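Note that the structure is predicted; figures quoted are calculated from it, not measured.
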Amino acid sequence: MRLPVQQITEHCGISKGAFYLSFKSKDELIIAIIDYFVKNVTSNIELSVDKQQTTQDKLASLLTL
């Protein structure tokens, strides 16, 4: 389902101008969202790996992210 920019901005409570100050297009917004989630998951994985846990506990914590 493809939402128009106006519908996205109305849902977020911002103007279309504010949207275009941050993103050139919806595609750029989607890339930013994916990047945010990938960085978040990567960070959580790094935190789990750095913990002093057994291998089984590390794997279990990664599977529950």
Checklist entry - Is Leu21 reachable from Ile8 through a run of hydrophobic residues whose side-chain heavy atoms are each under 4.5 Å from the next? => result no
Checklist outcome for this item: Between Ser25 and Phe19, the two heavy atoms sitting closest are O-CZ, 3.9 Å
Next on the checklist: If you apply the rule side chain to side chain contact (heavy atoms under 4.5 Å, CB included), what do you find for Ile31 with Phe23, and how did you get there?
Outcome noted: CA-CA 10 Å; Ile31 290 168; Phe23 307 103; over 6 Å; no
Item to check | Co-membership, hydrophobic cluster, residues Leu29 and Ile34, 4.5 Å side-chain | outcome: no
Checklist outcome for this item: Taking every heavy atom of Leu3 against every heavy atom of Gln7, the minimum-distance pair comes out as CD2-OE1, 3.4 Å
Item to check | From Gln6 atom CD to Ser15 atom OG, the distance as rounded to the nearest 0.5 Å | outcome: 11.0 Å
Next on the checklist: Filter on salt bridge (charged side-chain N to carboxylate O under 4.0 Å, His left out), then keep only pairs touching residues 12-38, sequence neighbours left out; what's left?
Outcome noted: Arg2-Asp27, Asp35-Lys39
